[in-house]
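In what follows, a structure is listed as structure tokens, so that the remarks can point back to it.
So you know, we letter chains A, B, ... as the sequences are listed, proteins then strands, and number each from 1.
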Amino acid sequence: MDKMIVSPSPHLHAKASTASIMRDVVIALSPAIIVSILFYGWSEILVLAVSAVSCVALEWLIARYLMKRPELFSGSSALVTGLLLAMNLPATTPWWIVIVGAIVAIGIAKMSFGGLGQNIFNPAITARVFLLISFPVQMTNWTAPKGFIGGIDAVSGATPLGIIKEGLKSGQTIPQVLAGNGMDVHMILRDIGGSAGEISALALLAGFIYLLVRKVVKPWIPLSILVTIAVVAAIFNGIDPEHFTSPNFNLMTGGVLLGALFMATDYVTSPMSNWGGVVFGVGIGLIVMMIRYFGSYPEGMSFAILIMNCFVPLINRAFHQKKYGRA
Amino acid sequence: MTNTIIWTVVILTVLGLVLSLVLFWVARKFRVEEDPRIDDIEKTLPGANCGGCGFAGCRAFADAAVKAGNLDSNYCPVGGAEVMKKVAAILGCEVAESAPMVAVVRCAGSCQARPKINEYQGERSCKVKAGLYGGDTGCLFGCLGCGDCVAACAFGALSMNGETGLPEVDESKCTACGKCTAACPKHIIELRNKGPRGIREFVSCVNKDKGPAVRKACSAACIGCGLCAKTCTHDAITLADNVAYIDFAKCKLCRECEAVCPTGAIHGVGFPKPLDKEAVKQRIAERKAKAAEAAKLETAVKKEDNNG
Amino acid sequence: MAKLTFSIGGIHPADSKRARDCKIETLPLPPKVYVSMFQHLGAMAKPVVAVGDHVKAGQMIAEPGGFISAYIHSPVSGTVTAIGPRKDLAGFNQMHVEIQVEGDEWAEGIDLGPELVTAIPEDRDFILDRIKMNGVVGLGGATFPTHVKLNPPPGKKADCLIINGAECEPFLTSDFRILLERTDEIVVGAAIMQKVLGGCPCVIGIEENKPEALAAVRASLQRLGYPGIRVETLKKRYPQGGEKQLIDAVMHRQVRSGGLPIDVGAVVQNVATSLAVYEAVQKNKPLVTNVLTVTGDVIDPARQHNYLFRIGMPLSFIAEYAGGVPEGTKKIVSGGPMMGKAIANMDAATVKGSSSILYLGAATQRHAATPCISCGRCADACPMGLEPFLLKKLYAASDVEGLEKNAAQDCIECGCCQYSCPAYVPLLDNIRMAKAQVMAVIRARNAKK
């Protein structure tokens with residue numbers, strides 16, 4: 001007879017593991033990835049591939065040779081970081097900038113804090129912000145290259161948010177800007193220009209619903225972000241529609257959906273409790289809208305998430321589970 | 001332009017001056033008067049903050065020593081006699097000499113000597129394992145091999161031997177702080193006298209089960225036969241709960257116990273020559289024969305006396 | 001009718017009640033039994049027999065070693081051949097009385113007949129005495145002496161007696177089988193305990209996955225007509241059968257940290273205990289038998305059994321009788337897979353609280369732990385509302401004060417946290433240690449007061 005195992009209880013384990021959760025996230029991202037590949041073509045595939053491969057490879061190299069703790073290589077989570085980073089970049093990003101992004105995401109934002117689970121800031125967002133500041137031209141000049149399906153003419157120039165910000169700065173009102181650029185606010189299905197992840201709200205939503213059904217994430221963080229943005233935008237837009245963009249417009253542009261559904265819900269860098277999540281989400285929503293209405297950057301989702309990342313330990317300390325028998 | 005520069009310089013200078021005055025005032029106002037000897041003693045101590053002395057760190061040790069005015073209840077096992085002499089000089093008092101100690105692992109149940117009978121899966125912690133069950137070998141008392149002692153050692157003196165599955169003590173690093181003895185849930189590690197030139201003798205087993213059961217579980221265990229206690233001429237070995245124990249204060253390092261032990265549970269450390277079992281056994285036999293003869297003679301003399 | 005459930009946390013492991021259709025069979029007697037003197041919570045029992053004594057089945061062989069302790073009776077007739085330490089299922093030495101089995105003669109005054117006795121004695125003290133003298137202990141897992149639990153301290157009154165038939169642990173079916181086959185006896189047992197507690201209402205709680213048991217108990221209640229006893233359907237959710245969770249589900253009250261169920265007017269007894277109470281009071285039969293399930297995820301369905309065993313039978317004897325250890329077994333567990341103990345020694349003897357021999361295959365193997373990803377599943381699963389990830393961190397930092405502040409002592413060791421952790425972090429392994437540490441500190445503080 002074989003030697004029997006002896007271990008403390010419990011003797012059973014749920015099916016979910018870190019790897020299976022990461023697999024679910026990849027599945028959830030795939031509709032948006034497919035849509036962006038269809039729209040942006042080979043260059044999008046290149047960005048995705050470079051980002052994913054370099055993130056996974058970097059994590060392995062750093063864990064193995066720099067930290068000398070090969071068990072810190074997580075694989076699946078680095079892949080998710082890589083995909084999210086790629087979806088945050090324009091399809092036209094040169095490959096070497098993508099690699100710089102991967103180095104920042106994995107090397108600085110993740111591994112220097114001790115690897116998976118130890119990082120304070122969302123790695124993909126940190127990398128995006130780093131690139132945004134370091135390479136403003138490549139990161140904001142959205143030239144839509146030829147995709148696999150037609151439908152959009154190659155539009156070059158800034159994102160809708162960028163266009164409006166410029167217009168407002170030069171003293172125009174929003175209707176004037178929109179009319180001058182031939183835009184309307186029907187951007188549910190596809191954006192005009194933007195990073196891969198911003199292109200299709202429906203694809204992102206579909207993926208997120210999958211995560212909800214699989215019970216990988218809870219809806220409270222995205223819900224509170226979106227509601228906050230909508231409410232703040234509705235108030236300002238109601239007071240002065242000429243200078244403040246509408247709720248609809250704000251929800252559908254500038255990576256709000258990608259950020260709210262997939263970046264702000266990152267386990268490691270978001271609060272654990274439901275109410276903590278709500279505070280986190282409301283904070284992000286408020287900061288986004290403040291940046292958009294009063295700041296000098298046209299969007300602000302990335303900054304908002306990074307700023308609220310800092311507060312996660314505090315939020316975790318403030319919000320606890322309701323304990324049994326201690327009411 | 002020049003104006004701006006001048007104003008900047010002026011404002012920063014004034015600000016710096018004002019703040020430094022505030023800092024100075026705060027430092028004066030809230031200064032805590034402390035016996036300077038506490039600082040002196042703390043500097044003398046090794047500064048490992050290991051807690052081996054029973055205080056919550058070197059500062060607490062110094063504080064307690066100064067308050068008491070003597071060193072009756074303070075001894076730094078890490079610094080040893082040398083450091084304690086210096087501390088005593090600062091306090092102006094005497095310090096009791098204490099022999100240097102070392103941590104000794106009293107289990108020789110290597111993977112070979114003590115076969116596994118089940119496989120433990122769970123947090124790699126002796127404490128967790130000890131709380132769960134009797135262990136993955138037939139021995140209830142032996143080393144569990146999860147290395148709680150290694151983790152407890154602040155000096156890197158303990159390491160796990162991959163081959164035997166037992167911890168090993170690096171004597172040059174061990175400071176006898178006692179952290180490992182507290183960490184071991186089976187109380188296997190003991191602080192013992194280092195011995196002259198590092199030579200010492202000890203029973204490497206704590207199994208309290210009866211002989212046959214012990215034998216079944218481990219081939220290197222003390223089976224409590226008592227041969228060593230009977231052989232010892234210095235009254236250094238006691239037998240309690242089926243296990244022998246050598247009192248290091250009484251042991252004269254003659255190695256006779258080591259030679260007669262049937263399972264090799266008694267270990268000699270630091271001896272210049274390997275033990276010649278046969279020679280020692282012969283020595284014992286000769287002594288016993290002599291003693292028997294003497295006893296015979298004595299009874300004969302007594303008989304004669306009685307007769308006469 | 002609304003299904004009742006507890007309000008915080010919980011998980012939904014697969015039911016796996018594979019042995020639910022196996023009728024209770026009676027095991028033959030082994031050549032020797034080994035009766036542990038430590039098969040209840042509290043102080044060890046003291047043997048009152050000597051080597052060479054002849055004993056009859058049901059004869060008292062050990063008396064309580066303290067206020068919280070219990071009598072122990074011989075499960076067989078025969079000769080006492082040894083009294084001394086023997087290894088229990090965890091491999092620890094415990095005092096055992098070894099009895100050589102000779103025939104099967106029962107002590108006088110024990111009614112072994114099958115007829116149901118429904119008339120409940122009037123005298124409360126008589127009932128309590130019978131329960132105490134017959135060594136009845138809680139059979140839901142903790143084996144707390146029943147007579148102590150049924151006798152609330154002065155000033156405390158029971159508002160509700162809850163009979164726990166949840167059997168929320170996967171695999172286990174012994175409670176289900178006795179609910180089906182010994183329904184009337186369990187109901188009479190409940191009525192007896194109700195009487196002892198001053199006639200408070202009584203709720204028999206059964207999980208929704210046992211509809212046959214629910215129907216059987218309902219029918220029996222109608223037939224026997226005791227007032228103030230009702231059945232409630234509980235949601236299938238683990239740990240529904242945890243004492244604190246069941247009180248929350250049935251009475252919507254929560255026991256305060258460090259308090260006892262009686263503080264909120266609750267007394268919880270397992271269905272098997274109810275049966276033991278019936279036998280002790282109505283038949284004067286001591287607690288020397290119980291039902292255990294032989295099942296698992298690698299066992300051939302045809303070789304699964306529910307056995308009526310006598311205490312002191314070696315587990316290996318029962319396993320052998322049931323056809324040996326099945327192929328592919330990696331771990332053998334006594335009790336449920338969530339809270340049961342892995343068996344390190346199959347030669348160990350059964351005790352009053354034994355409830356299963358579970359053969360688990362490769363699925364039970366532990367995975368190497370990976371870093372915590374802060375997903376919060378452990379905190380969501382904890383039925384006590386604790387934050388296991390935090391407790392583990394505090395334990396690693398030896399922050400006993402922090403552990404107490406974050407209620408490590410409230411942990412009921414149900415295993416929900418470790419079950420649901422996707423990073424395979426051994427949370428409960430550590431929290432159990434943390435809890436012991438905090439409890440020691442609390443005890444030391446209370447002793448000082």
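Using modelled atom types, no side-chain atom of A:Y324 and backbone atom of C:C382 make a donor-acceptor pair closer than 3.5 Å. In this structure, C:Q254 contributes its side chain and A:G325 its backbone to a donor-acceptor pair below 3.5 Å. A donor-acceptor pair is defined here as one N or O able to donate and one able to accept, closer than 3.5 Å; no such pair exists between the side chain of A:S17 and the backbone of C:P422. Judged by distance alone, with hydrogens and angles left aside, the side-chain atoms of C:T364 form no donor-acceptor pair with the main-chain N or O of A:L12 at under 3.5 Å.
The shortest distance between side-chain heavy atoms of A:I5 and C:R366 does not fall below 4.5 Å. Two residues are said to be in side-chain contact when any heavy atoms from C-beta on lie closer than 4.5 Å; C:K331 and A:M4 fail this criterion.
Heavy-atom minimum distance, C:I373 versus A:I21: CD1-CD1, 4.5 Å. Between C:G415 and A:P10, the closest heavy-atom pair is O-CG, 3.6 Å.
With values rounded to the nearest 0.5 angstrom, A:H320 atom NE2 is found 8.0 Å from C:K405 atom NZ. Interatomic distance, OG of A:S9 versus CD of C:E169, reported as 8.5 Å (0.5 Å rounding). Taking CG of C:D297 as the reference point, atom NE2 of A:H11 lies at 12.5 Å (rounded to 0.5 Å). The CG atom of C:D429 sits 8.0 Å away from the OG atom of A:S7 when rounded to the nearest 0.5 Å. From A:N316, atom CG reaches atom OG of C:S374 across 7.5 Å, with rounding to the nearest 0.5 Å.
Heavy-atom neighbours of A:F73 CZ from other residues, nucleotides or ligands within 6.0 Å: above the threshold of 12. Heavy atoms from other residues, nucleotides or ligands lying under 6.0 Å from CD of A:E71 number more than 12. Within 6.0 Å of OH on C:Y424 lie more than 12 heavy atoms contributed by other residues, nucleotides or ligands.
Contacts of C:R256 with chain A are made by both backbone and side-chain atoms, with heavy-atom separations under 4.5 Å. Only the side chain of C:L428 has a heavy atom closer than 4.5 Å to any heavy atom of chain A. Proximity to chain A (any heavy atom under 4.5 Å) is shown, for C:Q418, by both the backbone and the side chain. For C:R253, the part lying under 4.5 angstrom from a heavy atom of chain A is the backbone only. When heavy atoms are compared at a cutoff of 4.5 Å, C:F6 does not approach chain A at all. Both the backbone and the side chain of C:K244 come within contact range of chain A, judged by heavy atoms closer than 4.5 Å. Contacts of C:V255 with chain A are made by both backbone and side-chain atoms, with heavy-atom separations under 4.5 Å. Looking at C:P426, there are no atoms closer than 4.5 Å to chain A (heavy atoms on both sides), in backbone or side chain. Residue C:L386 touches chain A through both its backbone and its side chain, counting heavy-atom pairs closer than 4.5 Å.
In terms of heavy-atom pairs under 4.5 angstrom with chain C, the leader among A:K322, A:K218, A:H13 is A:H13.
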Between A:Q321 and C:D380, does the side-chain contact (heavy atoms from CB on, under 4.5 Å) criterion hold? Intermediate values first, please.
CA-CA 8 Å; A:Q321 293 278 325; C:D380 284 343; 3.8 Å; yes
Please walk me through it: do C:C378 and A:M272 pass side-chain contact (heavy atoms from CB on, under 4.5 Å)?
CA-CA 10 Å; C:C378 54; A:M272 291 211 178; 5.9 Å; no
